[in-house]
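These notes concern the structure reproduced below.
All heavy atoms count here, side chains included; hydrogens, waters and symmetry mates do not. Numbers restart at 1 for each chain; the letters A, B, ... are given by sequence-line order, proteins then strands.
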Amino acid sequence: MRIATWNVNSITARLPRLLAWLESTGTDVLCVQETKCAEAQFPAERLRELGYESAVHATGRWNGVALVSRIGLTDVVKGLPGGPEYEGVAEPRAVSATCGPVRLWSVYVPNGREVGHDHYGYKLAWFEALRAAVTEDAAGLLPFAVLGDFNVAPADDDVWDLSRFEGATHVTPAERAALAALREEGLSDVVPRPLKYDRPYTYWDYRELGFPKNRGMRIDLVYGNAPFAGAVKDSYVDREERKGKGASDHAPVVVDLDL
DNA sequence: ATGGCCAATTCGATTGGA
């Protein structure tokens, strides 16, 4: 089976590319982030025409996540259990479901904005709630994975120029410790192949020729438990989807499994 | 060919992204 995660930066703006991509790649399950629409505006019918069911957790112009599956979609949980609120709002940043043989989460971790900002504390609290929420499944015998935009570059090599990130979010020890805490629960980082250049970046800023100059970051991650990671045949970043007019600033991460 | 931001929203300056 083939699963993938993709921060689409508006599913409405990305719909033509998304539908064509699902068909051309034969993806069985797609974890979507930044739908940027209300749940009622989610293009569930268009996806159904292609044979996909959708589980959507979205409220409006910001955030929003979904799971899109053609191999079943059951036991849907919307939201992060025990997750923190930001300015009194429980934002739609997580949805989980069982798709065929695997249990999956699609997550959009808060950005953090600036180190020391309220949003940064919120980001770390959100990570801790995620860790607590996945403990049981991470240690379980069934294939399980958390996929999405984690908004953290796990290692120095995961950003194009570390000197440009001095004092910035996405690379701080506290954020990386939050990823390490997830790994200590039994999840491992399924690192994709790059299809060009030496690093598997998944995000390139729209500004200043970020993509043509390969000024990227690896922040879209697949964290799988042992049964999941052991079934991985291949994984790659589909940088072709970052090209051209109407691209998201993130590329899909694809994982092929013997399941 | 991969090109000097993009998307949603009070319809256009603002917010958020990372």
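Nucleotides B:dG12 and B:dA8 are separated by 12 Å at their C1' atoms, to the nearest Å. Rounded to the nearest Å, the gap between the C1' atom of B:dC11 and that of B:dT15 is 15 Å. Here, B:dC6 and B:dT10 have their P atoms 23 Å apart, quoted to the whole Å. Annotation: B:dA18 and B:dA7 have their C1' atoms spaced 15 Å apart (nearest Å).
At most 12 non-hydrogen atoms from other residues, nucleotides or ligands lie less than 6.0 angstrom from CD of A:E208.
Among the heavy atoms of the strands, none lies under 4.0 Å from A:S248. If you check every strand for non-hydrogen atoms under 4.0 Å, A:R164 touches nothing.
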Begin with the C-alpha distance, continue with both residues' side-chain angles, and end with the deciding distance and a verdict on side chain to side chain donor-acceptor pair (under 3.5 Å) for A:R113 and A:T169. CA-CA 7 Å; A:R113 298 186 188 166; A:T169 58; over 6 Å; no
Begin with the C-alpha distance, continue with both residues' side-chain angles, and end with the deciding distance and a verdict on side chain to side chain donor-acceptor pair (under 3.5 Å) for A:W105 and A:D137. CA-CA 11 Å; A:W105 285 67; A:D137 286 333; 4.6 Å; no
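Counting only distance, with no hydrogens or angles, the side chain of A:R239 and the backbone of A:K196 share no donor-acceptor pair below 3.5 Å.
When each of A:R242 and A:T35 is assigned the nucleotide of DNA chain B bearing its nearest heavy atom, the one mapping closer to the 5' terminus is A:R242.
The CD atom of A:Q33 sits 17 Å away from the P atom of B:dA7 (whole-angstrom rounding). Taking atom CZ on A:R17 and atom C1' on B:dT2, their separation rounds to 11 Å, with Å as the unit. A:R239 has its CZ atom 7 Å from the C1' atom of B:dT2, to the nearest Å. Separating the NZ atom of A:K245 from the C1' atom of B:dA7 is a distance of 13 Å, rounded to the nearest angstrom. Rounded to an integer number of Å, the gap from A:F211 CZ to B:dG4 P is 13 Å. Following rounding to the nearest Å, A:W204 (CH2) and B:dC6 (P) show an atom-to-atom distance of 16 Å.
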Set out, line by line, the N/O atom pairs under 3.5 Å between protein and nucleotides 11-18 of chain B.
{"from": "B:dG17", "atom 1": "OP2", "to": "A:R113", "atom 2": "NE", "distance (Å)": "2.9"}
{"from": "B:dA18", "atom 1": "OP1", "to": "A:D149", "atom 2": "OD2", "distance (Å)": "3.3"}
{"from": "B:dA18", "atom 1": "OP1", "to": "A:H250", "atom 2": "NE2", "distance (Å)": "2.8"}
{"from": "B:dA18", "atom 1": "OP2", "to": "A:Y108", "atom 2": "OH", "distance (Å)": "3.1"}
{"from": "B:dA18", "atom 1": "OP2", "to": "A:N151", "atom 2": "OD1", "distance (Å)": "3.2"}
{"from": "B:dA18", "atom 1": "OP2", "to": "A:N151", "atom 2": "ND2", "distance (Å)": "3.2"}
{"from": "B:dA18", "atom 1": "O5'", "to": "A:N151", "atom 2": "OD1", "distance (Å)": "3.4"}
{"from": "B:dA18", "atom 1": "O3'", "to": "A:H170", "atom 2": "NE2", "distance (Å)": "3.3"}
{"from": "B:dA18", "atom 1": "N7", "to": "A:N111", "atom 2": "ND2", "distance (Å)": "3.3"}

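Closest to the side chain of A:K243, out of B:dA8, B:dT2, B:dG4, is B:dT2.
Remark: A:Y223 pairs with A:F150 by the ring-ring contact (aromatic ring centres under 6.0 Å, His included) rule, at least two apart or across chains.
When each of A:K36, A:Q33, A:E34 is checked for a side-chain hydrogen bond (donor to acceptor under 3.5 Å, both in side chains) with A:N9, only A:K36 meets the rule.
Taking a cutoff of 4.0 Å between a charged side-chain nitrogen and a carboxylate oxygen, A:R218 and A:D189 qualify as a salt bridge.
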